[in-house]
Amino acid sequence: MSRPATPRGITNDVGRYYALQAAVVAGGLISMPITTRLLSQAEYGRLSLVFAFVSFGTVVGQLGFANAIARFYAERESVGPAATRQFCEAVFTGALVSGSLLTIVLTLTLTGVFGWSPGDSPMLLTLAGVIVATRVLMTVLFAIYRSRQSVGAFAVGRLACQWGIIVLATTLLLLRPAAATVLAATAVIEGVVTSFCFLHLRRLDVLRRLRWSSKTLRQANSYGWPLAFAGAAAIFTAYADRFLIERYLGVAAVAQYSVPYDLSSELARTMLLPIQTAVLPAIFRLWAAGRKDEVRLSLSVLTTNLLAFALPIGALFAALNGEIITLLASAKYHDSAALTVYLLPGVLLNEMTFLFAIGLRLSQETRAAALISVAGAGLNIAVNVVTLPRIGLAGAAAATSFTYLAVTVALYFWSRPVLRLRIRGNLLLKSALVTALMLLAVRGVGPIATWLPLDIAIRGCGGAFIIAACLIGGDGELRRTVRDALPTRKLIA
C-alpha cells in the first residue's frame, strides 16, 4: 500500500527524486561527450531528428493513458486492491494496442505518404517505431510506480534504462559510429527494462493479465486524450524548428542547434523534473481528499520558490555556457553557445508549465490545455517561418522562447480560477539582486584556470555558493522548505 500524501511528504519525495536526478545527470554528462565526439555533425543531427519523432510518437501513442493513471489511481486505490488492479490492467492493455497501432500508422504515413526519412535513412525511422511502441508501455508502467509513490522501483527502472543504453551504445559506437547504432542500443535496453517492470508489477499483484474494459478506457481517454493531444502539440513545438532548420539550413545546422537546446533542456529537467515527478501524484491525492486550500497554498509556495531559484541558476549556466559546451560537446560546437541566451528562458518556462496547467487537470478541463498547446505549436511554426530564413539559428531560438512565454501566460490565465496562486514578490526581488551579485563575481573574475573542467568547477561552485548563501540564507521560509526537501529517508523505500 502506498503512503498517504502530506505537504512534508511531498517535499521529502522531491528530495528523493533529486537524488535520482543526480544520477541521471551524471549519465548525461557521460553520454553527450561520447555521442558528439564519435558521431559526425550530420549523424548527430539525424539522431536528434529521430528522437524528436520518438518523443512525438510516444506522447501520441499512449493516448493520455499515463496521465489517466496519475489522475485516477488514488481514487481506485481508495476502493480497494481489486479495483486498482482492474484499472491498471485495462489501461496497460489499451496502451499496448494504441501504441502498436499508432506507431505503425505514423511510420507508414511519414514514409509512404510524405516520403520523409531522417537523413534519407529509412532504417532510422524503423528503429524509431520500435522505440516508440516500447516507450508507450514503459511510460504507463512508470506512471503506476509514481502513483504508488514507489520511488525506489521508479529509480531503478530509469537508471537501468539510461546507464544500460550508455554502456551498450558506447560499446557499439566504437565498432560502428552511426545514429542507427544508438537507436538499436536504445531499443534493446528499453525493451528489457519494460519487460522487467511488467513482471515486477505482476509480482506485486498490480498487473495480473491483459484486460479489456471499454468503460475504463473511455474514462481514461476522456480525461487523457486531450492531454495527449496537448503533449503532442508541445513536443511539436519543441522540435518542429529542427525539421524547419533541416529544410532551410541542412542537417549539420540541426546539430549546431540541438547541442545548446539539449543542454538547456538538461538543466531545466535537472531543476524541475524531480519536483514534477513527486508533486503531481501527491497533489491529486490531496485534491481527491478535499484538501483544496492546502493544495493552493502548496502550489503558491512551490511556484514562488522555483521562480526564485530559476533566475540565478539559469544566469549562472548562461555565464559558463561557452565553456560547458566546449567541454561536453567539443570545440566544433563552441559557436552554438551564443544560442543559449535565446533558448534558456523559454526552455525553463516550458519545464515549469506543469505548475500552470495543473489547475486545468484538477478541474478536468483538459481540452483547454490541448487547445493552448495546439495554438502554441502553430505560433511557433509561424514565427520560425518568418525569423529562420532572415536571422538563422538565432531566429529559431528566439521563436522558441517567445512561444513558450505565450503558452505559459495562456495556461496561467485559464488555470487561475482553480489555482489562485499567490507569489511572494519580495522573494523574487531578492532573487534578482542575488543574480546580479553572482554574475558580477563569476564574470568579473573571468577564467581562473587553464584546465577547462577546473575553471568550470571553481567558478560554478563559487556562483552556486553565492546563490545558496544569499538566497537560502537570507529567507527563513525558503530555508525551511529546502530543509524539508532533504532526502532524510532512504532512496529506496
Side-chain angles (χ1 to χ4, degrees), residues 20 23-40 43-62 66 92 95-104 106-108 110-111 117-119 121-145 153-203 207 210 258 262 266:
L20 165 63
V24 173
V25 171
L29 294 177
I30 293 174
S31 62
M32 175 170 274
I34 292 173
T35 53
T36 54
R37 283 167 171 79
L38 292 181
L39 294 178
S40 66
E43 284 294 306
Y44 190 83
R46 293 186 183 100
L47 188 65
S48 177
L49 291 174
V50 170
F51 275 118
F53 168 76
V54 167
S55 299
F56 180 81
T58 301
V59 172
V60 173
Q62 58 154 313
F92 181 82
L96 176 63
V97 174
S98 67
S100 301
L101 292 179
L102 288 178
T103 297
I104 294 173
L106 282 173
T107 304
L108 292 179
L110 285 173
T111 55
S117 61
S121 178
M123 176 57 68
L124 298 183
L125 201 56
T126 302
L127 289 170
V130 175
I131 296 172
V132 168
T134 304
R135 283 194 180 182
V136 166
L137 298 179
M138 186 167 60
T139 301
V140 170
L141 295 175
F142 281 179
I144 295 175
Y145 282 136
F154 179 83
V156 170
R158 279 203 64 190
L159 293 179
C161 263
Q162 185 189 38
W163 286 93
I165 292 170
I166 290 173
V167 172
L168 182 58
T170 301
T171 303
L172 296 178
L173 279 173
L174 293 173
L175 301 175
R176 186 174 183 271
T181 302
V182 179
L183 294 172
T186 302
V188 171
I189 296 299
E190 291 188 352
V192 171
V193 170
T194 299
S195 300
F196 272 101
C197 288
F198 176 79
L199 293 175
H200 178 241
L201 288 171
R202 185 177 182 184
R203 182 181 178 185
L207 295 172
L210 298 180
S258 298
D262 292 344
E266 192 64 41

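For the numbers below, each heavy atom of this structure counts, side chains included, while hydrogens, waters and symmetry mates do not.
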Checklist entry - Roughly how far, to the nearest 0.5 Å, is CG of L137 from OG1 of T194? => result 6.5 Å

Checklist entry - Where do Y145 and C197 come nearest, in terms of heavy atoms and distance? => result OH-O, 3.5 Å

Item to check | Minimum-distance pair of heavy atoms, taken over all atoms of S258 and Y44 | outcome: CB-CE2, 4.3 Å

Item to check | Spacing of T36 atom OG1 and L47 atom CG [to the nearest 0.5 Å] | outcome: 11.0 Å

Checklist outcome for this item: Heavy atoms of T139 and A66 approach each other most closely as CG2-CB, 3.7 Å

Next on the checklist: Ignoring hydrogens, what is the shortest heavy-atom contact between I30 and W163? Give both atom names and the distance.
Outcome noted: CD1-CH2, 3.4 Å

Checklist outcome for this item: Nearest heavy-atom approach of I189 to C161 is CG2-O, 3.6 Å

Checklist entry - Between F142 and F154, how do the two ring planes meet: parallel, tilted or perpendicular, split at 30° and 60°? => result perpendicular

Checklist outcome for this item: Scanning both residues in full, the closest heavy-atom pair of E190 with T134 reads O-CG2, 3.5 Å

Next on the checklist: Applying side-chain contact (heavy atoms from CB on, under 4.5 Å), can you list everything that pairs with A133, at least two apart in sequence or on another chain?
Outcome noted: T103

Only distances under 3.5 Å count here; give the side-chain donor-acceptor pairs of residues 171-182 to other protein atoms, sequence neighbours excluded, each with its distance to 0.1 Å.
unit_1	atom_1	unit_2	atom_2	d
T171	OG1	V167	O	2.8
T181	OG1	R176	O	2.7

Checklist entry - More than 12 heavy atoms of other residues, nucleotides or ligands under 6.0 Å from CZ of R202: is that the case? => result no

Next on the checklist: For V54, give me all partners under side-chain contact (heavy atoms from CB on, under 4.5 Å), at least two apart in sequence or on another chain.
Outcome noted: V50, F51, T58, A128, I131, V132, R135

Checklist entry - Which is it for L207 and L141 under the side chain to side chain contact (heavy atoms under 4.5 Å, CB included) test, yes or no, and what are the steps along the way? => result CA-CA 10 Å; L207 295 172; L141 295 175; 3.7 Å; yes

